[in-house]
There are 2 protein chains.
Amino acid sequence: MTTVRRSDATRAAILEAARERFASDGYERATIRAIARDAGIDPSMVMRYYGSKQGLFAAASAIEIGMPELGALPAQHVGVALVTHFLDRWESDEALTAMLRVGVTNEVGAARVHEIFAAQLGPVTRGVCPDPADAPRRAALVASQILGMALVRYVLLLPPAVEMSAEEVVAWLAPTVQRYLTAEAP
Amino acid sequence: MTTVRRSDATRAAILEAARERFASDGYERATIRAIARDAGIDPSMVMRYYGSKQGLFAAASAIEIGMPELGALPAQHVGVALVTHFLDRWESDEALTAMLRVGVTNEVGAARVHEIFAAQLGPVTRGVCPDPADAPRRAALVASQILGMALVRYVLLLPPAVEMSAEEVVAWLAPTVQRYLTAEAP
DNA sequence: GGTGTTGGTCAACATCCGTTGGCAACGGTA
DNA sequence: TACCGTTGCCAACGGATGTTGACCAACACC
């Protein structure tokens, strides 16, 4: 059932407009009317295609972090690889910013963040850290630093954080992430 | 003009209810009606005393981080002191969570976060780091880690982050903050 | 005791929101 | 050509929100 419908272009336009609005305005202020206006169609079309505002957000925030294969490279380079990868993803996909912004105010959004980090960051952590028993804790620590940087750099737009180059961010953050993953517990 | 007005109790009740609502619901979903109901008074009182919803938020998020005197203690203990202090403040004052939650969706809220971190964290950084020229960058790095931990622990409620003890958080985060402040730039 | 100020309630306004149902044009199919 | 599902627009509903102004009760002061 992968037939091409005539409305696919409209569906895509809605999804793109929704991602932009959710990313820049958050869940409550991203109104269906505004999204429809951006997409150049009527608000009722959004409802027909995605059922409800929650349904639209669920569709707009279906994200694959696409974790790289970290098992292949030496354990002491995991920090650099991880930070670099997240930075790339964040700068090329505003759905990530949308997810973060919505996760802060909306319960469904928060659950979405949980899912994604459990499913995508969890396995990587489990494969790298010394004792699998405290893998969740280490993953949470990594998440705190990576989401924190995303917060100040892409959401709060703290000037010094925005002005730093990607290389600089990696150089500062990679040792932190590396330590959270592989250093022995304090 | 510090006379005690008869309405001071009501003003305080409104402010407390507002802090709770802003902290748990964010700016948009924290309605004036709900805040007034919590405070046991009429919504119009909120308007009379605080002018507007923005005014109420401004009053509810007037925060003093109350930075400790870091100049007094040896430079290599600054990380521990800073993380400990922030953790204490965050767990004893829900206005901080409110500020973070609102800062993510509301522009005024974001500006408030900028202010507070510039005014409170800036000077500390400037006094401790080797080269005053890159103090803002170092402050932003520290903010990314501290706000990131606040995000996963108090807002997103990521289970492993919530379950960690305060001592554990300090033990993991302090070396990070210490490095962001005093290590030479990479 | 009258009078002005303060603390508080009530009802309403204008606006916006998510959502719904009806209806017109279009496109392929028989 | 006649038909029917699809795509789209339009107008409206019910409800919630921030905000306002009229009105009432208690208090302070002359």
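So you know, we letter chains A, B, ... as the sequences are listed, proteins then strands, and number each from 1.
- Across the protein-nucleic acid pair, A:D42 atom CG and D:dT7 atom C1' stand 11 Å apart, rounded to whole Å.
- Side-chain nitrogen and oxygen atoms of B:T10 include at least one within less than 4.0 Å of the OP1 or OP2 phosphate oxygen of C:dG8.
- A parallel orientation is assigned to the rings of A:F117 and A:F86, their planes being inclined by less than 30° (bins at 30° and 60°).
- Rounded to an integer number of Å, the gap from CD1 of A:I35 to P of C:dC17 is 11 Å.
- Among the nucleotides D:dG21, C:dG8, D:dG8, the one closest to the side chain of B:S44 is D:dG21.
- Between the CE atom of A:M47 and the C1' atom of C:dG22 there is a distance of 16 Å, rounded to whole Å.
- Rounded to whole angstrom, the span from the NZ atom of B:K53 across to the P atom of D:dA16 amounts to 15 Å.
- At a cut-off of 3.5 angstrom, the base of C:dC16 holds no donor-acceptor pair with the side chain of A:T31.
- For the pair B:R21 CZ and D:dG18 C1', the interatomic distance rounds to 16 Å; values are reported in whole Å.
- The aromatic rings of A:Y154 and A:W90 sit parallel to each other, their planes meeting at less than 30°, with 60° as the upper class boundary.
- Note on B:Y50: nothing from the nucleic acid sits closer than 4.0 angstrom, heavy atoms only.
- Rounded to whole Å, atom P of D:dC23 lies 15 Å from atom CZ of B:R48.
- For the pair A:R33 CZ and D:dA16 C1', the computed distance is 13 Å after rounding to whole Å.
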Walk me through whether A:E91 and A:R153 qualify under salt bridge (Lys or Arg N to Asp or Glu O under 4.0 Å). CA-CA 10 Å; A:E91 297 197 347; A:R153 188 174 164 93; 3.0 Å; yes
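- In this pair, B:F22 and B:Y27 present their aromatic rings parallel. The plane angle is below 30°, not in the 30 to 60° band.
- For D:dT7, the OP1/OP2 oxygens have a side-chain nitrogen or oxygen of A:S7 closer than 4.0 Å.
- Listed nucleotides C:dT19, D:dT19, D:dC9 differ in distance to B:S52; the shortest reach to its side chain belongs to D:dT19.
- Atom CD1 of A:I41 and atom P of D:dC9 are 7 Å apart (whole Å).
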Would you check, one step at a time, whether the test salt bridge (Lys or Arg N to Asp or Glu O under 4.0 Å) holds for B:E163 with A:R137? CA-CA 9 Å; B:E163 290 158 9; A:R137 225 187 326 258; over 6 Å; no
